[in-house]
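Down below is the structure, laid out as structure tokens.
This one's a predicted model, so the numbers in the text were calculated from it and none came from an experiment. In what follows, chains carry the letters A, B, and so on, assigned in the order in which the sequence lines appear, proteins first and then strands, with residues in each chain numbered from 1.
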Amino acid sequence: MLYDTIDELMEKARLAEGKTFGEIDNTGRIKNLKSKGTLGNIIEESYFGYEINSTSKPDFENLGVELKVTPFKRNKNGTYSAKERLVLNIIDYMKEYKLTFETSSFMSKAAKMLIMLYKHDPDIQINDYRIFKAFLNEFSEEDLAVMRRDWETIVTKIRNGEAHLISEADTMYLSACTKGVNKTSVRQQPFSSIEAKQRAFSLKASYMTGLIRKYITPEHMESITKPGELSDKTLDEILNERFMPHYGKSVDVLCKEAGIKYNPGNKSMIPHLMTKLLGVSKNDIDQIEEFSKANIKFKTIRREPDGKIREHMSFTNIDFDTLLEEDWEDSELFNMFSEQKYLFLVFRFTEKYQKGVKRIPYFEGIKLWNMPQGTIENELYELWAETRRVVREGVELVPKSNRVNNNLPGSKFNRICHVRSKAQDGDDKILLPDGQWITKQGYWLDKDYIQMILDER
DNA sequence: GCATGATCATGC
DNA sequence: GCATGATCATGC
């Protein structure tokens, strides 16, 4: 063995900081680089002088250390994020359920990782990418507690014969991402005859972002849980406990208690209020460690006195050019629901809606939600495919009085999700690929679907 | 009463 | 200027 101790290995690893892949490579493979995994292979072979190993054992087997070479990127606002999730080993559905978290394939591979970060930049040639930082990662107790639960969530689906229903958004930090040569890569599962998509354990991009920021920017996130708390309770339970004392209070009262200005027009008021109620000094929920690492977004829901919801829930606007180019599993829509979780903050009005009358809602509860895989694969996919078809064939725009009707999949499409306009004003239009102008459009979840989610269980 | 297109308001 | 959460308006 070349490295007898971890210190020796890390000393060598750190010497790579600042070097480019071109400088390190002595196999010539960097020139015709095809797969992203190759960068890791180059480090393994040219830098550490190891043979490439694709077994379930860690790369530096005698030290129990797995090598991971992974990119980060600089965002428009100057912060840094992981460019992608960190993919570990493929899950063998036939075996994994027989293991415990401690003996799991995930833990035997990833308990100790030598992570080498390089900066991704679309304007730079791959051989000029530079190793920025090399460090040894061992998970904190808090993170392991969450990952243990994540692992159990995944294994429970296998045990229930539901491996084909696994979704990345089911879990918080550790997820099961699809991995295969193509979409038809499937595997047997032990308790169902339905073949399940091949998946690998991975650390979510949001989790990796948290990890990377610790090393790149000394920026520090605030935690809402106490040490050890996450091993006994789920985040859902902890949040409910924290918010419970505030249920039944009106928003203006809550604002007063939290010492912030009540201004219903301010859309950051609710998120702001929630961070205050959680006892966190940050204004931005993305600065709360548990939300940030698990990729959880806030969404407020206002219910009528009878529990109904008046308005559909809007999501990001559609970029039609991208829509025509993207593949389903890399699409914006897919990512929005397969990788993100949502914390619904539920409010209720006590008075009936009346045009022009301002009402103050009461805080009713929370619900941590992600879209089930079945819905993602059916209704959500249909929406994407139909929107694409209409855009490709050319949206039919029919002016009628002071509006313009279109044939995009609207709110009667499938009872789950639809496409509808969302713009600042009548001039806020966007160019379609065929040269027509259309009022900006966004993705929406149907209000009846949201209501169903809130009422279930 | 709902579907559906349009627009308001605010912060970054 | 724009994204986005929130809401309005009207015709069937």
Are the aromatic ring centres of A/F363 and A/Y247 under 6.0 angstrom apart? yes
Which part of the nucleic acid does A/T316 contact within heavy-atom distance under 4.0 Å: base, sugar-phosphate only, or nothing? sugar-phosphate
Between A/F139 and A/Y207, what is the ring plane arrangement, given parallel below 30°, perpendicular above 60°, and tilted in between? tilted
Look at all strands and tell whether A/K422 reaches a base, only sugar-phosphate, or nothing, counting heavy atoms closer than 4.0 Å. base
Select base, sugar-phosphate, or nothing to describe what A/F413 touches, counting heavy atoms under 4.0 Å on all strands. nothing
In the structure I gave you, are the side-chain heavy atoms of A/K297 and A/F315 within less than 4.5 Å of one another anywhere? no
Select from A/N407 and A/A423 the residue whose nearest nucleotide in DNA chain B is closer to the 5' end of that strand. A/N407
May I ask you to say what A/N406 touches in the nucleic acid, namely base, sugar-phosphate or nothing, with a heavy-atom cut-off under 4.0 Å? sugar-phosphate
Do the side chains of A/E142 and A/K293 get close enough for a salt bridge, i.e. N-O under 4.0 angstrom? no
In the 5' to 3' direction, the nucleotides of DNA chain B bounding the stretch that comes under 4.0 Å of a heavy atom in chain A are B/dA3 to B/dG11
With sequence neighbours excluded, residues passing salt bridge (charged side-chain N to carboxylate O under 4.0 Å, His left out) with A/R359: A/E304
For this output row, return yes or no: ring centroids of A/Y381 and A/W328 closer than 6.0 angstrom. yes
On DNA chain B, nearest-nucleotide positions of A/S268 versus A/K440: which is more 5'? A/K440
NA contact type, A/H312, heavy-atom cut-off 4.0 Å: base, sugar-phosphate, or nothing? base
